[in-house]
Amino acid sequence: MPELPEVETVRKGLQELIIGKKIKSVSSDWPKSFPNDQSQVNLYIINSSIIDVRRRAKLLIIDLSSGYSLVTHLKMTGQLVFRSNKQNFGAGHPSNSLVGKLPDKSTRVIISFSDSSKLFFNDQRKFGWMKLTEKKDILKHFTSIYGPEPLDSSFTTTAFKNRLLTRPRSVIKAVLLDQRVIAGVGNIYSDESLWAARIHPLTPTYQLTDQKIKLLHKSLIDVLQLAIKEGGSSDRNYVNAKGQKGSYIKIAKVFRREGQSCPRCNHEIKKMRVIGRGTHYCPYCQRLKIGKIES
DNA sequence: CACTTGACCTGTCCGC
DNA sequence: TGCGGACAGGTCAAGT
């Protein structure tokens, strides 16, 4: 589920809520959600404090004072929700909350802090995970495969073009979703940025002109920044660290809007399958010109 | 090389 | 109301 803007929103929330807290205990009843054993927990988690909360691609990295980190991937339905010691009982949750009293049936890991507050890792589909890893091993084990962060200042149009050229014969939608090419883009924001740049999702990368690449580069960054500003997209499960939904889906141009009118040209938005993913686009203003160069 | 399928899981929605 | 199948924002590995 969560893509870069959602993970970044969770990161910001956790930054504000859990930095400096000391961990008292960790429990999990689903080993795939938290594969580390109790001896590692005792040695490297218990009595250590949260010193930073970082993001790389769609990974959330919680650094501990022990020199280890809790590396988390939320996959499709993961949530990291913080609750203070008083918040968890009775009514009073915000109106845009998707989660009630915790733990609930989707809770896979509970991290308890010394002040009795708790961090809940919920994951309905159990695809996500939280792995204790020595901080110096994170690059080797997880992040070395990822392409550049699209919101870094070093991610210029030229850098983007060079990354796209690593997969010249693939269709652009597949390339945007490839985490080795660019980190953090998923199904929602690939559709949204392709619409903004008026590029058909099935366009082979080599057919994109420099003009189109420049426009897609800008569109991608604009879409991601807007989505962060909106607190991400909550189509189903996604909530931030306070349990609140994001609002981007309300202003999405094509995602999950098949059958509606394109806000730019008024033609009907269509949905199709591209590399096995539901793909939303406007057939009129994102035309595929077979055998010709897009301009 | 690049795409497809199936796997990992649970829940929801849609048609019969 | 029940039931089967398709589908859901992510990534793997294996097969074509």
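Values reported hereafter were calculated over all heavy atoms of this structure, with side chains retained and with hydrogens, waters and symmetry mates removed. Below, chains carry the letters A, B, ... as their sequence lines are ordered, and counting in each starts from 1.
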Apply ring-ring contact (aromatic ring centres under 6.0 Å, His included) to F113(A) and list each qualifying residue two or more places apart in sequence or on a separate chain. none
So, using ring-ring contact (aromatic ring centres under 6.0 Å, His included) as the criterion, who are the partners of Y68(A) when residues are at least two apart? Y44(A)
Side chains of residues 158-171 of chain A: which donor-acceptor pairs under 3.5 Å do they make with residues two or more places apart or in other chains?
unit_1	atom_1	unit_2	atom_2	d
K161(A)	NZ	D210(A)	OD1	2.9
N162(A)	ND2	T158(A)	O	3.3
R163(A)	NE	V181(A)	O	3.1
R163(A)	NH2	R180(A)	O	2.5
T166(A)	OG1	R163(A)	O	2.6
R167(A)	NE	S170(A)	OG	3.2
R167(A)	NH1	D178(A)	OD2	2.8
R167(A)	NH2	S170(A)	OG	3.1

Measuring to OP1 and OP2 of dG10(C), would you say a side-chain N or O of H73(A) lies under 4.0 angstrom away? no
Does dT11(C) have OP1 or OP2 sitting under 4.0 Å from an N or O in the side chain of K58(A)? yes
If you measure only the distance, is there a donor-acceptor pair under 3.5 Å linking the side chains of [X] and [Y]?
X: D235(A); Y: S233(A); result: no
X: S106(A); Y: Q124(A); result: no
X: E3(A); Y: Y238(A); result: no

Is there any protein nitrogen or oxygen under 3.5 Å from a nitrogen or oxygen in nucleotides 6-8 of chain C, and what are the pairs?
unit_1	atom_1	unit_2	atom_2	d
dA8(C)	OP1	K271(A)	NZ	2.9
dA8(C)	OP2	R273(A)	NH2	2.3
dA8(C)	O4'	R236(A)	NH1	3.3
dA8(C)	N3	R125(A)	NH1	3.2

Quick one: list whatever passes side-chain contact (heavy atoms from CB on, under 4.5 Å) with T143(A), sequence neighbours left out. R56(A), L59(A), I138(A), L139(A), Y146(A)
Test of understanding: with side-chain contact (heavy atoms from CB on, under 4.5 Å), list the residues that count as partners of S33(A), not counting sequence neighbours.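 Partners of S33(A) by the side-chain contact (heavy atoms from CB on, under 4.5 Å) criterion, ordered by chain and then number, come out as W30(A), R108(A), V109(A), F121(A).
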All salt bridge (charged side-chain N to carboxylate O under 4.0 Å, His left out) counterparts of R55(A), not counting sequence neighbours: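 Applying salt bridge (charged side-chain N to carboxylate O under 4.0 Å, His left out) to R55(A) gives E8(A), E149(A).
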Donor-acceptor check, side chain of Q179(A) to backbone of G184(A), threshold 3.5 angstrom: yes or no? yes
Sequence neighbours left out, what passes side chain to side chain donor-acceptor pair (under 3.5 Å) with D152(A)? Give chain and number order. none
Output the rounded distance in Å from NZ (K32(A)) to C1' (dT11(C)). 14 Å
Within residues 127-152 of chain A, which residues have any heavy atom lying less than 4.0 Å from an atom of DNA chain B?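 Only F127(A) qualify.
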Mind checking which nucleotides bracket the chain A contacts on DNA chain B, 5' to 3', with an atom under 4.0 Å from a heavy atom?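 First-to-last contact on DNA chain B, by the 4.0 Å heavy-atom rule, is dA2(B) to dG11(B).
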Let me have DNA chain C in dot-bracket notation, would you? Count Watson-Crick plus G-U wobble pairs, both distances under 3.5 Å, and use [ ] for pairs crossing earlier ones and | for inter-strand partners. .|||||||.|||||||
Check against ring pair (Phe, Tyr, Trp, His ring centres under 6.0 Å), H73(A) and F127(A): CA-CA 9 Å; H73(A) 201 307; F127(A) 289 171; over 10 Å; no
For L215(A) versus A197(A), what's the shortest heavy-atom pair and its separation? CD2-O, 3.6 Å
At a cut-off of 3.5 Å, list every protein nitrogen or oxygen paired with a nitrogen or oxygen from nucleotides 13-16 of chain C, distance to 0.1 Å.
none

